[in-house]
Amino acid sequence: MSWQKTADAVVIGGGMMGMATAYYLAKLGMKDVVLLEKNTVASGATGRCAAAFRSTWGGELNIILGKACIDKYEKLSEELGMDIGLYQNGYLFIAYSDEQVENFKKCIKLQNSLGVPSRMLSHDEAKELCPGINLNGTKGFYWHKRDGHADPMLTNFAHQEAAKREGVNIQKFTDVTGFKMTEGAVKGVCTNKGDIDTNIVINAAGAWAGRVAALAGLSIPVHGERHEILATEPVEFGVCPTFLMSYDPDFYMQQRPHGSIIAGCGPSRYRKEAAPFNDYEMGDCWNFLEHMTGVMNKVLPRTKGIRVVRQWSGMYDITPDMQPVIGEAEEMKGFWMNVSGSRGFMFGPVAGEMVAEQIILGKTSLPIEKFHWSRYARGEFLVDTAIA
Amino acid sequence: MSECNCSCDENFKELDFEKMEDDIIVCRCEEITMKEIREWIPKGYDTFDELKRLLRVGMGPCQGRGCRDIILREISKMTGVPVCDIPSGTIRPPVKPIKSSLTASKGGEYE
Ligand SMILES: Cc1cc2nc3c(=O)[nH]c(=O)nc-3n(C[C@H](O)[C@H](O)[C@H](O)COP(=O)(O)OP(=O)(O)OC[C@H]3O[C@@H](n4cnc5c(N)ncnc54)[C@H](O)[C@@H]3O)c2cc1C
Ligand code: FES
């Protein structure tokens with residue numbers, strides 16, 4: 001695709017959030033949409049994530065949006081014309097304390113009231129769902145069938161192919177280095193390949209979005225935190241037929257339809273010192289491998305003989321309340337943020353569509369206005385008790 | 001040099017090498033053919049990691065030892081970019097697949 005010097009909108013970041021935004025902007029009728037990616041598409045958090053989606057959240061807004069995400073995911077392969085590797089058999093949430101069971105019950109009540117039929121499962125039901133699970137120490141389970149996972153890279157690329165068909169100009173190895181601005185409005189983007197004049201910029205640079213915003217003189221609290229994850233050799237399907245998730249100790253485990261088991265957890269579990277606030281260093285550590293395989297063997301003893309093929313890391317896009325940061329900058333007209341708060345895989349398609357609707361139609365079909373970061377200046381945090 | 005009287009030479013000429021190569025399994029771990037690689041390179045998936053994320057080449061137990069070089073050569077052939085200038089992708093630990101019980105923290109505890 002050739003370089004263009006002007007555009008109706010420029011999207012920064014080729015992960016799920018950015019690619020979906022570019023796709024929907026073009027689909028809703030915007031003519032000249034350019035997407036800039038510093039590395040390659042799906043090279044950021046999106047291509048490194050666990051790619052799970054759920055409506056089983058603990059806050060009203062997240063449950064409503066989570067439901068919309070599932071509705072979308074169920075139709076994505078068809079809409080985009082490319083298989084995204086969808087697999088739906090729920091998250092099996094595991095509680096290891098009575099306190100967690102109480103939280104589950106509260107979440108279920110709220111979810112049920114909003115049309116998400118999640119429910120507590122007995123130990124027998126959990127065992128039926130995931131026959132290899134070790135029940136020692138577990139206090140309770142809950143589950144919602146339509147939660148699930150997909151292939152994150154295929155989902156990202158499926159959006160890329162669909163965006164290309166809609167006419168989006170995608171430029172990889174293109175690093176945004178600054179902005180052109182006049183009295184409180186953005187006028188263009190500067191990159192290592194040249195400038196593009198535009199009145200609309202959407203910053204979907206994930207964990208790097210705070211840094212990109214700083215290039216426009218905006219202070220928006222988004223930073224990176226390295227999370228590690230591993231994959232095993234493919235084994236017969238059925239070792240982990242549902243997405244296992246626990247908040248404390250925090251871990252998740254899943255088996256992809258082609259057989260690999262994928263497992264991960266938060267950094268506080270295996271790092272001796274707290275992660276630095278802005279930890280943009282990709283890397284893989286022994287402590288993670290040791291800790292994670294230990295947990296995996298304990299939760300699913302039948303994984304003991306299964307070999308780990310690969311471990312890697314990716315950047316969570318952290319915000320102060322671990323909730324999305326979305327909207328137009330009050331002090332910089334035309335400068336938009338679309339950051340997920342570390343759930344950008346599942347949230348990408350819906351967030352992309354909503355931001356495109358807001359920009360083109362001036363209104364959205366789902367409520368996203370509460371995600372504006374001006375809430376932080378007012379001392380408001382969005383609360384959800386179901387965030388790991 | 002003595003000439004052979006059979007028709008093998010002609011048969012040889014008739015073989016369509018390009019087409020034959022299409023069916024070759026380039027990535028044995030993930031069973032990906034040359035044809036699939038050749039289909040996606042012109043669509044812009046012209047670095048090893050992009051093909052890896054799209055087709056899973058290099059994600060198998062050998063982590064690309066068997067397929068990386070063949071794929072880099074094919075990208076070079078199709079794009080005209082010298083192999084040394086094509087991003088060759090990340091190689092991740094462990095070096096060899098290792099039984100999870102051998103690395104597992106021995107306490108066997110969650111913490
Ligand atoms: C191990 C792990 C597991 C996860 N599991 C899940 C999960 O199960 N479900 C879920 O929903 N989420 C999960 N997440 C979170 C999810 O991956 C991220 O929230 C999501 O991928 C963010 O998408 P994004 O498009 O905003 O960012 P990214 O995918 O990181 O894309 C941002 C892109 O911006 C580019 N960029 C940065 N700076 C510039 C610049 N100056 N110029 C041009 N381009 C730039 C980067 O190269 C990058 O490609 C997980 C994350 C990790 C690390
Ligand atoms: S041959 Fe491609 S990963 Fe092993």
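We name chains A, B, ... by the order of the sequence lines, and we start the count at 1 in each one.
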- Item | Pairs flagged by ring-ring contact (aromatic ring centres under 6.0 Å, His included) wherever residues 44-89 of chain B is involved - sequence neighbours left out |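 Qualifying pairs: Phe157(A)-Tyr45(B), Trp40(B)-Tyr45(B).
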- Task: Heavy-atom distances under 4.5 Å only: say whether Ser43(A) touches chain B with side chain, backbone, both or neither.
- Result: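 Both parts, backbone and side chain.
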- May I ask you to decide if Val308(A)'s main-chain N or O and Ser100(B)'s side chain share a donor-acceptor pair within less than 3.5 Å?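 No; judged by distance alone, with no hydrogens or angles, the pair does not exist.
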- Task: Could you tell me which portion of Glu50(B) (side chain, backbone, both or neither) has an atom closer than 4.5 angstrom to a non-hydrogen atom of chain A?
- Result: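 Interface part for Glu50(B): both.
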- Task: Considering only heavy atoms and a distance below 4.5 Å, find which of Asn287(A), Asn156(A), Asp284(A) pairs most often with chain B.
- Result: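 If we count pairs closer than 4.5 Å to chain B, Asp284(A) comes out on top.
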- Item | Top contributor to chain B interface from Arg310(A), Met153(A), Glu290(A) [non-hydrogen pairs under 4.5 Å] |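 Looking at each of Arg310(A), Met153(A), Glu290(A) in turn, Arg310(A) comes out on top.
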- Using a strict cut-off of less than 4.0 Å between a Lys/Arg side-chain nitrogen and an Asp/Glu carboxylate oxygen, indicate whether Arg38(B) and Glu36(B) qualify as a salt bridge.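 Between Glu36(B) and Arg38(B) there is no salt bridge, as every charged N stays at least 4.0 Å from the carboxylate O atoms.
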- Item | Residue pairs passing the salt bridge (Lys or Arg N to Asp or Glu O under 4.0 Å) test where at least one lies in residues 52-72 of chain B, sequence neighbours excluded |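 Sorted result for residues 52-72 of chain B: Glu30(B)-Arg56(B).
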